[in-house]
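First the structure, in the form of structure tokens, and then the observations on it.
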Amino acid sequence: MSPSPFAASSFMIEGISALEIAQLYGTPCYVYSRAALTQSYQKFAAAFTTHPALICFAVKSNPNLAVLNLFARLGSGFDIVSGGELSRVLAAGGSAQKVVFSGVGKSRAEITQALLAGILCFNVESAAELDRINEIAGKLQMRAPVSLRVNPDVDAKTHPYIATGLKESKFGVAFNEAIALYQRAKTLKNLTIKGIDCHIGSQLTDIAPFLAATDRVLALVDALREHGIELSHIDLGGGLGIPYETHESAPPIEKYASAILEKMSGRKESLIFEPGRYLTGNAGFLLTQVEYLKEGQDRHFAIVNAAMNDLMRPALYSAWHDIIPAQTRDQPEKIWDIVGPVCESGDFLGRSRSLALMEGDLLVIRSAGAYGMSMSSNYNTRPRAAEVMIDGKNHHLIREREKINDLFSGEFCLPL
Ligand SMILES: *Cc1c(COP(=O)(O)O)cnc(C)c1O
């Protein structure tokens, strides 16, 4: 997980120290390692070389244009969940022919945009959506490529907010309704049935639920063939977890891949995967500086200049991120809650961390490359952080820190 050994008592990201990045770009600041992004993509791709497979990076995990462009250059496709994400992919040089479009609420405008762009496939999540896509494709005199996202009803054993494959979830179509829906799709003349799709959740640290879902999907593929419906691809979604804590383990990609490839042996359908977090999570860091140390009777607070609006995962999912000082301090450690300036008690980045801290110190929050910047907001009228990409000894600003005036430039007072 680590492109970042300690060197010369300062935390290094590739060839540059975190302290130098903070001095150059200010804090809070997201920093990504090009080498780590490249490595994770290549590792994923290498695990599937024996069967045709397309990696569609889940844009929502980190939509910065530089990140998308890097993946596009590596040959990646993209999994999008909005028309906005499609625009980003195209602006970053990604190919529409490698785009799959997921999501339960695709608007007419988004469907039109995706059809005109020529995407690879719509991952359709309801009967009503099937009708809508058919209707729009008809008006455009086009045929829309579709898969159904089926809900395999397996427990991903992850945080309930990021489990998507249970039958009570809003995602996908019920497993036992899938065949009837495919038959209906076949009668809709502006659709081309391409494949099948499932995505059971995020941050899965056990491969058993993936394999259970794959078995169910493959059984459905076979049943569909008996009904005269042939599929050309099988999209197994994303969701592969990463280690967030140094001592935590996540399934190695090779183990996940070999189990799936074994199930695919003798099959001719190609595979699609939609990894997000696996590709970006451990390639990103959030740098933040200690504003105040506030030692209370029961708890000690280190108030830092990043907050829940910058990194929402701890507040939203009680997620753990490793937090380490960028410099070494010759003083005893104390137990600190690392909290932000936002006016919410849920505004914490880490709790009960043993650290030696002084005011002004720089902290590195690890594993912040996925669902960090992408879930950030302007809550409390806080400008979003700068983003920087490290490439060996080079550093590149890939998104400017927002300016306060920009935050309300589209707002208007009532006339007098
Ligand atoms: C969020 C999402 C992904 C990516 O999930 P990760 O856990 O980041 O790999 C893939 N596919 C769909 C449909 C998603 O909603």
Side-chain angles (χ1 to χ4, degrees), residues 37 40-41 43-45 47 53-64 67-68 71 76-82 84-86 89 98-106 110 114 119-126 129 146-152 156-166 169-173 195-207 209-210 213-214 217 233-244 250-251 253 256-257 260 271-284 312-313 316-317 319 367-375:
L37 291 167
S40 60
Y41 179 87
K43 217 169 150 191
F44 201 108
L54 176 66
I55 298 173
C56 289
F57 169 59
V59 174
K60 74 177 192 278
S61 73
N62 189 328
N64 184 286
V67 173
L68 301 182
F71 286 130
S76 187
F78 298 93
D79 171 47
I80 59 165
V81 293
S82 71
E85 288 190 349
L86 176 56
V89 166
K98 291 185 184 174
V99 167
V100 295
F101 191 172
S102 305
V104 292
K106 302 176 191 78
E110 288 173 320
I119 65 163
L120 174 64
C121 198
F122 289 90
N123 289 336
V124 177
E125 306 222 12
S126 65
E129 184 189 331
V146 297
S147 286
L148 286 185
R149 175 172 176 178
V150 298
N151 185 331
K157 299 202 172 59
T158 185
H159 190 281
Y161 290 2
I162 47 178
T164 55
L166 283 169
S169 132
K170 73 176 177 183
F171 298 100
V173 303
I196 191 164
D197 168 52
C198 79
H199 171 74
I200 58 173
S202 198
Q203 184 52 15
L204 275 69
T205 51
D206 177 8
I207 64 170
F210 286 121
T214 305
V217 167
H233 74 239
I234 298 172
D235 182 341
L236 293 174
L240 204 63
I242 59 167
Y244 277 94
I253 184 73
Y256 168 77
I260 287 171
L271 288 168
I272 294 179
F273 295 96
E274 302 168 351
R277 189 187 317 266
Y278 180 86
L279 298 184
T280 56
N282 279 328
M312 198 182 183
R313 298 186 69 259
L316 186 62
Y317 314 126
S367 309
Y371 307 104
M373 186 65 174
S374 69
M375 294 179 97

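Counting convention: from 1, in listed order, for ligands and their atoms alike. We're numbering straight along the sequence, starting at 1.
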Using the test side-chain hydrogen bond (donor to acceptor under 3.5 Å, both in side chains), find all partners of Asn151 that sit at least two apart in sequence or belong to another chain.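 In terms of side-chain hydrogen bond (donor to acceptor under 3.5 Å, both in side chains), with neighbours along the sequence ignored, Asn151 is linked to no residue.
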
Tell me whether [X] contacts the main-chain N or O of [Y] through its side chain, where contact means a donor paired with an acceptor under 3.5 Å.
X      : Y     : result
Glu85  : Val81 : yes
Glu274 : Cys56 : no
Ser374 : Lys60 : yes

Just to verify, which of Phe44, Tyr278, Tyr41 counts as forming a ring-ring contact (aromatic ring centres under 6.0 Å, His included) with Phe273?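 Only one option passes, and that is Phe44.
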
Just checking, Lys106 and Phe101: is the charged tip under 6.0 Å from the six-membered ring centre and within 45° of the axis?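 Here Lys106 passes the 6.0 Å and 45° test against Phe101.
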
For ligand 1, list the protein residues that place a heavy atom within a distance below 4.0 Å of one of its atoms, sorted by chain and number.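 Its neighbours under 4.0 Å (heavy atoms only) are Ala58, Lys60, Asp79, Ser102, Arg149, His199, Ser202, Gln203, Gly238, Gly239, Glu274, Pro275, Gly276, Arg277, Tyr371, given by chain and number.
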
